[in-house]
Structures are given as C-alpha cells and as structure tokens.
Enquirer: 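Structure in structure tokens, see below.
Atoms within each ligand, like the ligands themselves, are counted from 1 in listed order. Everything numeric in this text was worked out from a predicted model, so none of it was measured.
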Amino acid sequence: MSLSIVILAAGKGSRMKSPKAKVLHKICGREMLYYSIKAAREITDDVIVVIAHQKEAVIASMEKYFDGLTFVTQDADNFPGTGGAMMGISPKYEDVLVLNGDMPLIQRSSIEKFLANPADIVMSVIPLDNPSGYGRVIIEDGQVQRIVEEKDADEAEKKIQTVNAGVYAFKHHVLQTYIPKLSNANAQGEYYLTDVIALARNDGLSISPLNVEEVEFKGVNSKFDLAQSESIMMERLRKGWMDSGVIMQLPETIYLEEGVRFEGECIVENGVRLCGNSLIVNSHIKAHSVIEESIIRDSDVGPLAHIRPQSQLDGTHIGNFVEVKKSTLNGVKAGHLSYLGDATIGSGTNIGAGTITCNYDGVNKYQTIIGKNVFIGSDTQLVAPVEISDNVMIAAGTTVTSGNYESDILLLSRTPIKKIPGFFTKFFKKDK
Ligand code: UD1
Ligand code: CA
C-alpha cells in the first residue's frame with residue numbers, strides 16, 4: 001500500500017518511573033514498540049521510527065525483529081514535543097499515518113479505517129468518562145477545529161470528554177506546510193503536532209474525527225497501563241492459539257509470550273508459563289511448568305517442571321520437580337526431582353529420582369553425555385565432564401566421577417552399610 005507510517009518513540013515516558021525508555025518496556029516478552037512496528041509493517045514497507053531518548057538501545061532492540069526500518073533522530077533538546085518529532089521525517093509516500101510507540105494494542109484493521117476516509121486530515125478520537133491527561137478535541141459541524149492539551153485547557157475545555165487518541169492520517173504536503181509553522185508558545189514549551197489541526201482548519205482543510213476503540217488506542221503511560229495492556233495482548237495470543245487447535249485449561253492462568261509457537265495437538269494445563277521463542281509440538285505441558293526458549297516435541301512435561309533456555313526434548317517424559325537446562329534429551333524418561341544441565345541424553349535412558357548433573361565447578365561449566373538405554377538409579381551424581389556409553393547401569397546413590405565409561409558395565413559407588421545393634425535405644429535413652 002502506498003502509505004508511510006511514522007511511529008513516534010522519542011519520548012522519555014517519565015510516568016513509567018523507570019530508567020528504561022518507555023517503548024522498551026515489554027509486553028508478552030517483547031518491547032511494546034515491536035507491536036506498533038509489526039502492525040505498521042503489515043500495511044506498508046515504509047515505516048519511520050522517530051527516536052531520541054536511549055536511541056541506540058531502541059535501534060538495537062528493533063533490529064532484532066525487523067529489517068529495513070528508517071530511524072530518524074529527533075532534536076529533542078531544541079525541538080521537543082510531538083511536533084518536533086515530525087520535523088526530520090521524509091516519507092516515501094504522500095499519505096502519512098502517525099502512530100505512537102506506546103500503543104502496543106493497535107491492530108491492522110483499525111489502522112486501515114483511517115485510510116478509507118478522504119478528508120485532508122483524519123484523527124482518532126475517543127469519548128472518555130475521565131478525559132484527564134489527554135488532549136481535548138473541539139468539534140463543530142463534524143469537523144475538528146482544534147485540540148487543546150490538558151495543560152493549556154481552561155475549565156470549560158477540561159470538561160470536554162472527547163479526547164485525542166494520538167493517531168492521525170495526514171497528506172505529506174499538509175505536514176510540509178504546517179509543521180514549520182508550529183510554535184512552542186504553550187504551557188509545556190513544546191512543539192505540538194496537535195497544533196497542525198487548528199492551522200489547517202483555519203485554511204479551510206477538512207479534518208475528520210474518527211471514533212476508535214479505547215482498548216486499542218489507549219496509550220501505556222504507567223506500569224499499571226503496561227500490566228493491563230499485557231493481559232489484553234496475552235488474551236489475544238491465547239485465543240489465536242486455541243483457534244488454531246491448542247487445548248488450554250483455565251487459559252486465563254496461562255502466561256504466554258509472543259515468540260511461542262505451537263504445532264500439532266498440544267495441551268497446556270493451568271498455570272503454565274511459556275517464554276521466549278519456544279516451539280511446542282504435539283506435547284502436553286502440565287500444570288505450573290515453566291518453559292523458556294526451548295523446543296519440546298512429542299513429549300510431556302510437568303507438573304511443576306522447569307525447562308530452561310536452549311533445551312530440546314524429543315519423545316521425552318519429564319515429571320515433577322525436574323529442571324533441564326541447555327540439554328538435548330531424545331526418548332528419555334526423567335520422572336522426578338532431577339537437575340539435567342549441559343547434558344545430551346540418548347533414547348531409552350531412564351533418569352532416576354534425584355539424579356544431578358554436577359555441571360559447574362565454580363569456574364566453568366562442563367558437559368554430561370549419556371548414551372542409549374542407560375539405567376540411572378536414584379540419587380546419582382554425574383560429575384561433568386563425563387561420558388557414559390550405551391547400555392550402562394548406574395546403581396542408586398552412585399557418584400560418577402569425571403571420565404569416560406564404556407558400554408555394558410555397572411557403575412556403583414557405595415560405602416558398605418554398617419549395623420550397630422542397640423544404638424537407637426541407647427541414643428534416645430528409651431527403655432526397651
Ligand atoms: C499526546 C497528544 C495528546 C493526546 C495523547 C494521546 C500532543 C501535543 N498531545 O499527548 O493530545 O491526547 O498524545 O496519547 O501531541 N514523543 C516523541 N517526541 C517528543 C514527545 C513525544 O517522539 O518530543 C512520542 C512519545 O514517545 C509517544 C508519543 O510521542 O510515543 C506521545 O507522546 P506523549 O508524551 O505520550 O504525549 P501526550 O502528552 O500523552
Ligand atoms: Ca501518551
């Protein structure tokens with residue numbers, strides 16, 4: 001589509017009370033600016049992001065997801081405000097849509113409504129019971145006359161409940177005419193993009209208000225807003241995956257990030273947390289398990305298991321209180337209470353309860369490699385680096401010291417048990 005989209009993301013966001021730039025705060029695992037860019041990119045190839053505050057961090061985080069974005073740095077010291085933000089842009093197309101970087105919930109279908117309207121300027125309005133904090137919109141005869149910022153509004157203007165949601169469609173020539181005419185003679189000493197409206201209206205341009213959904217256009221200004229937006233976004237993600245065939249039990253208790261993918265028939269029980277770019281294929285994730293940045297295929301996990309980043313499970317059973325980190329398990333059973341870190345484990349291998357890979361010596365991390373059909377008894381420690389061939393049995397309670405162990409052996413390290421008759425009675429001074 002021949003449309004340029006400008007996303008304003010230069011502001012500090014002081015109401016977030018955070019050293020981090022507002023647009024870098026995350027919703028469902030990704031920075032909120034990601035979502036505006038994603039929606040914009042579904043519509044056009046020309047997406048211009050205006051930055052200033054923490055600009056290097058903003059560029060670096062968005063380049064992880066998108067190629068070919070145009071970043072424009074606002075001279076925010078000399079030209080602060082949303083009007084100042086528009087001063088350096090040179091869009092590729094005549095139609096220019098302006099979005100705010102702090103509106104992660106906006107969707108393609110809503111953006112498209114601006115383009116269907118032939119007015120010189122189309123601007124988003126929302127009726128709000130409590131309009132405080134927003135610019136108020138003065139409409140006469142169906143045309144927007146001007147916008148008054150809260151800080152510049154008089155008592156009568158403050159009572160207006162139609163507010164500016166901050167999204168506009170302009171013709172580029174309109175911006176070229178009026179942006180240079182903006183002044184900063186206002187309560188905040190800023191150049192307001194919203195002043196373009198009155199200037200254009202005085203010259204007789206048509207300015208249409210477009211009623212938009214509060215849920216999509218409400219900006220994130222505080223950490224409370226951030227949490228609310230995240231729960232709405234997560235509900236969309238969950239619904240999308242249920243629509244494509246995933247079974248979710250008590251879905252509202254499931255935490256799900258944007259990067260998570262499902263394939264085939266999957267069941268996710270209540271209280272599960274799925275993070276990062278995890279891929280779940282034909283698997284059952286049981287209650288209160290946490291999966292981070294891992295691939296789970298044809299497996300069942302949990303309840304109460306923790307699969308940490310860079311793990312890959314194939315045809316594997318992971319039971320309760322098992323932690324797996326950076327490990328590849330193929331056809332493995334680890335039913336209870338284990339830590340498997342930096343390990344590669346082959347098919348048919350059974351990991352007894354309480355098995356621990358001792359992968360860290362306080363300085364470095366080491367690998368544990370276990371072959372096929374290994375039977376590991378309960379409470380085994382594997383001191384890495386260690387390699388165990390196929391078809392090995394390890395007796396319960398064994399400490400397997402570092403080294404390579406050949407096939408078809410039993411490993412057993414146990415102190416012989418002592419029996420001391422009469423000890424109990426003597427120790428507790430009890431009568432027989
Ligand atoms: C702006 C509107 C207000 C509207 C509200 C809706 C103006 C003057 N006011 O106010 O009418 O009701 O949005 O949310 O436009 N930004 C920059 N550079 C700057 C300042 C801001 O890029 O110098 C960006 C911010 O990063 C943000 C967006 O512009 O994404 C809006 O800025 P914000 O400070 O939230 O504007 P409001 O004061 O809320
Ligand atoms: Ca705002």
Enquirer: Kindly identify the option in Pro80, Gly81, Ala85 whose heavy atom sits closest to atom 19 (C) of ligand 1.
Expert: Gly81

Enquirer: Can you tell me which portion of Ala52 lies within the under-4.0 Å heavy-atom range of ligand 1? Options are side chain, backbone, both, or neither.
Expert: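 Contact part for Ala52 vs ligand 1: neither.
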
Enquirer: Evaluating non-hydrogen atoms only, which member of Val49, Leu8, Val6 is closest to atom 24 (C) of ligand 1?
Expert: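 Minimum heavy-atom distance to atom 24 (C) of ligand 1 goes to Leu8.
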
Enquirer: Taking all atoms of both residues into account, what is the closest heavy-atom pair of Leu193 and Thr82, and its distance?
Expert: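 Minimum heavy-atom separation between Leu193 and Thr82: N-OG1, 3.1 Å.
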
Enquirer: Can a non-hydrogen atom of Val50 be found less than 4.0 Å from any atom of ligand 1?
Expert: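 Distance cut 4.0 Å: Val50 fails for ligand 1.
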
Enquirer: Can you find a non-hydrogen atom of Ala165 under 4.0 Å from ligand 1?
Expert: yes

Enquirer: Using distance alone, determine whether Glu149 and ligand 1 share an N or O pair under 3.5 Å.
Expert: yes

Enquirer: Is it true that a side-chain atom of Ser61 and a backbone atom of Ala57 form a donor plus acceptor pair closer than 3.5 Å?
Expert: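 Checking the backbone N and O of Ala57 against the side chain of Ser61, a donor-acceptor pair under 3.5 Å is found.
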
Enquirer: Would Thr194 count as being in polar contact with ligand 1, using the rule that some N or O on each side must be under 3.5 angstrom apart?
Expert: no

Enquirer: Checking contacts here: is it the side chain or the backbone of Glu190 that comes within 4.0 Å of ligand 1, counting heavy atoms only? Could be both or neither.
Expert: neither

Enquirer: Out of curiosity, is Asp102 lining ligand 1, as in a heavy atom under 4.0 Å away?
Expert: yes

Enquirer: With sequence neighbours excluded, what pairs up with Lys158 under the salt bridge (charged side-chain N to carboxylate O under 4.0 Å, His left out) test?
Expert: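 Residues passing salt bridge (charged side-chain N to carboxylate O under 4.0 Å, His left out) with Lys158: Glu155.
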
Enquirer: Mark yes or no for whether Gln312, through its side chain, and Thr328, through its backbone, hold a donor-acceptor pair below 3.5 Å.
Expert: no

Enquirer: Taking distance alone, with N or O pairs closer than 3.5 Å, would you say Gly11 contacts ligand 1?
Expert: yes

Enquirer: Within a 6.0 Å radius of atom NZ on Lys17, are there more than 12 heavy atoms belonging to other residues, nucleotides or ligands?
Expert: no

Enquirer: Can you sort out the partners of Lys239 under salt bridge (charged side-chain N to carboxylate O under 4.0 Å, His left out), two or more places apart, ordered by chain and number?
Expert: Asp243

Enquirer: NE2/His306 to OG/Ser311 distance, rounded to the nearest 0.5 angstrom?
Expert: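 Rounded to the nearest 0.5 Å, the NE2-OG separation comes out at 9.0 Å.
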
Enquirer: Does ligand 1 come near enough to Gly135 that some N or O of the ligand is less than 3.5 Å from an N or O of the residue?
Expert: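 Gly135 vs ligand 1: N/O contact under 3.5 Å present.
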
Enquirer: Taking N or O atoms only and a 3.5 Å limit, does Gly166 qualify as a polar contact for ligand 1?
Expert: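 Not met; the criterion fails.
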
Enquirer: Might you work through the side chain to side chain donor-acceptor pair (under 3.5 Å) test for Ser299 and His317, ending with a clear yes or no?
Expert: CA-CA 6 Å; Ser299 298; His317 161 68; over 6 Å; no

Enquirer: Can you check whether Tyr134 has an N/O within less than 3.5 Å of an N/O in ligand 1?
Expert: no

Enquirer: Is it the case that atom NZ in Lys12 sees more than 12 heavy atoms from other parts of the structure closer than 6.0 Å?
Expert: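 Counting neighbours around NZ of Lys12, 12 or fewer heavy atoms of other residues, nucleotides or ligands fall under 6.0 Å, so no.
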
Enquirer: So for ligand 1, is Met103 a polar contact partner (N or O within less than 3.5 Å, distance only)?
Expert: no

Enquirer: Give a yes/no on ligand 1: does Gly101 have at least one heavy atom closer than 4.0 angstrom to it?
Expert: yes

Enquirer: Report, in ascending order of atom number, the atoms of ligand 1 lying under 4.0 Å from any heavy atom of Gln74.
Expert: 17 (C), 18 (N), 19 (C), 22 (O), 23 (O)

Enquirer: Taking the ring of Phe170 and the ring of Tyr178, is the distance between their centroids below 6.0 Å?
Expert: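 Ring-ring flag for Tyr178/Phe170: false, centres at least 6.0 Å apart.
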
